[in-house]
Each structure stands twice: as structure tokens, then as C-alpha cells.
There are 2 protein chains.
Amino acid sequence: MANVKQSHQSQVDEIMRQLVAGGRRRTMSRQAVIKVIVDCHGHISADDIATRVQKDFPSMDVSTVYRTLETLRELDIVDRVYFADGSAVYHLRDHQHHHLCCERCGSVQELPVSLMARVEKDLLDDFGFELHQRPLGLFGLCKACR
Amino acid sequence: MANVKQSHQSQVDEIMRQLVAGGRRRTMSRQAVIKVIVDCHGHISADDIATRVQKDFPSMDVSTVYRTLETLRELDIVDRVYFADGSAVYHLRDHQHHHLCCERCGSVQELPVSLMARVEKDLLDDFGFELHQRPLGLFGLCKACR
DNA sequence: ATCTTTGCAAACTTTTTGCACCAAT
DNA sequence: ATTGGTGCAAAAAGTTTGCAAAGAT
């Protein structure tokens, strides 16, 4: 657990480096937002990011969170995806996966993008359509709830 | 084409009947909204519905459109789905299909739900997850743009 | 010193709601 | 005559923007 924390920290540092490499400045706000995203493993909403960051920095405005998220998207560090219920969540770009959301218990399970490999191939073969894989939020019933 | 129009009209009538059967009243506003949805074949946004309806009934308010759509959803006549870009669209419930949206030319192509049959099976077999199919908006490049 | 980033307030988009009036049954 | 539906205005919820002050280089 100590080294998990450490690896999170180094991941934050790495992203800060990318930020600087991209011509942006190192700021505490950005570091705080990045830390929350890295720590959360997976996806998180803008509002949740703001709430968590504001525990440490109460003066931080939501607009700063949104602006930071936009910057991180411009640098291809995070992606924004919309679930099938219309809610937007953000995640690290290298953390690509789909989500299975249980409509009954609300649990969210991650699964690899390879799930759609077959669909991707079918689309190309049958329709000539080149799928750009994006994380999907799929809904249904989880194992436990069936 | 004459009988296409006719079948649209009879489809509108049928939905109005379902509405009454569901304990709601027949109103011009509702008829107008239903007509637009039936005529559009496929999916359409609330705002587009409002714009089209207002060509015939300029006094119709967006709130009425939203309320009508909510009523139609309660009666399982229409579904609301969110595309991967976060936009919401409405479609007749019996008109189930996925969408391929080209990121370059903006074209939208429909394709049958059977596309996901394999995925549905894999999810059940590998994860015990029972997928509830909802229309997906998938993004990529269409045949012409590749 | 310069140019970027931030906080604040305000605007914007999409959807929902309260209320008095109107319409369908 | 009732009860439900509509228009209007206003409110939410989520996201974006203009601007002057604060901060990073």
C-alpha cells in the first residue's frame, strides 16, 4: 500500500511533466486535479473531482476543474466519455476500458476493450466502417443480481 | 410514397390510441410531436422536435415537447438514448438499432442490434452479466471517408 | 516583466417545474 | 364539471466564458 501510494505520486509527477512539456505551467490546482483522477482508478465526474479537491483547497472553483480537464484533454492525458445515461466522466487515457453498470445494484465493473474486437472487425468487413473505440457504459444485470 | 405517408399516419393514430389506452388525453400537441418522431425515421433530439413542430404550431413551447416525450416514455412508446458525445435523442421503442456516426463527414448510419449479439453472449459467458441492449452511438470513419 | 492561470460572477444549454389558464373527457 | 394539459416564466444542473487579480516562468 505504501508503494501503491508512491506509484500514484510518481504517476502524478509524470503527468505534471507532460503538462510542462506541453507548454503549460505547473500549478497546485492542476496537481490536485490530477491527483484525484489518478487516485480514483477509473472514471470520475467533474463534480466529484471538484468536491474532492475542495477538501484540501476550499477556494478552488469548479471552473478551474473544468479548465484543467480541458487542458488535460488537449494534451491527450485524459478522455471524457458519456455513459448511456448521459452523465460525463473523465479518466486517464491509458486507462481504457468499458464499464458494465448494473441497473439493479448500481455496481460498475470494468472490462477490457478487447470485448469489442469482434464488433470492430465486423463493422469493417460488413460496412467498411472504421470504429474508433471509446469507452462504453453498458447497462444490464450483474452476476449477483441475476 | 403516398402509402408511406399513409402508413405514417396510421402509425401516429395507433400511438394516439395507446396514449388514450394509457389514460392520457388526445391533444394536438401530442399528435404533432408523435408525427415528427414517426416521420423522422430513427432518432431526433428534443430541440429538433420542437423546431419542427413549431413550424406548424408556433406557440408550442419546448416544455410541452419535453412533457410529451416524458409521457411517451412512461408508456414505453419512445426511448431516450444518449450518444457517446453526450447528446440525447429520442426514438420509437420498436425502432431499435445502433448508430455509426462518422467523425469526419458527420453522417449517421443505422445498423441492427444483432451487431452486439456476440458481445451479449460473451458478457454472459465470461462475466455472468446480462446485457440490456440499448441503442449505441458508435464513432469512427465511414466507408466514404476512409 | 511577461504571459498564463485562477477565482468570481455571469452566461449558456438542456431539461424540469410552479402556476394560472385552457381544453378534453 | 372535473381533471389533465398547455404556455409562460423561472429554476435547476452542468458547463463555459469575460475579466481583473494573482501566480509561474
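Computed from a prediction, not measured in an experiment: that's the story for all the values here. All chains are named by letter (A, B, ...) in the order of the sequence lines, taking the proteins before the strands, and each is independently numbered beginning at 1.
Under 4.0 Å is where a charged nitrogen must lie from a carboxylate oxygen, and between E14(A) and R17(A) at least one such pair does.
In this structure, the OH atom of Y82(A) is 6 Å from the P atom of dT15(D), given to the nearest Å. With rounding to whole Å, Q31(B) atom CD is found 17 Å from dA23(C) atom P. Here the P atom of nucleotide dT16(C) and the CG atom of D47(B) are 13 Å apart, to the nearest Å. Rounded to whole angstrom, the span from the CZ atom of F57(A) across to the C1' atom of dC8(C) amounts to 19 Å. For the pair D61(A) CG and dA10(C) C1', the interatomic distance rounds to 12 Å; values are reported in whole Å. When the C1' atom of dA22(D) is taken as reference, atom CE of M60(A) falls 15 Å away, rounded to whole Å. Atom CG of L69(A) is separated from atom C1' of dT17(D) by 16 Å (rounded to the nearest Å). The distance between atom CG of L19(A) and atom P of dT25(D), rounded to the nearest whole Å, is 10 Å.
Between the side chains of D61(A) and S63(A), at least one donor-acceptor pair of N or O atoms lies under 3.5 Å. For the residue pair H41(B) and H91(B), no side-chain donor N or O sits within less than 3.5 Å of a side-chain acceptor on the partner.
Each of R26(B) and A88(B) lies near DNA chain C, and the nucleotide nearest A88(B) is the one positioned closer to the 5' end. Taking the nucleotide of DNA chain D with the nearest heavy atom to each of T64(B) and R25(B), the more 5' of the two is matched to R25(B). Mapping R67(A) and V20(B) onto DNA chain C via the closest heavy atom, the residue that lands nearer the 5' end is R67(A).
With R30(B) contributing its side chain and R24(B) its backbone, the two residues share no donor-acceptor pair below 3.5 Å.
Side-chain atoms of R30(A) lie closest to dT6(C) of the nucleotides dT6(C), dT3(D), dG7(C). You'll find that the side chain of Y66(B) is closest to dT16(C), out of dT5(C), dT16(C), dG7(C).
R24(B) comes within contact range of the sugar-phosphate backbone alone, with a heavy-atom separation under 4.0 Å but no base atom that close. At the heavy-atom level, S59(A) lies under 4.0 Å from the strands shown only through sugar-phosphate atoms.
Distances shown here put a side-chain N or O of S29(A) below 4.0 Å from the OP1 or OP2 atom of dT6(C). For dT6(D), neither phosphate oxygen OP1 nor OP2 lies less than 4.0 angstrom from any side-chain nitrogen or oxygen of S63(B).
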Apply side-chain hydrogen bond (donor to acceptor under 3.5 Å, both in side chains) to residues D85(A) and S87(A) and explain how you reach the verdict. CA-CA 6 Å; D85(A) 68 351; S87(A) 60; 2.8 Å; yes
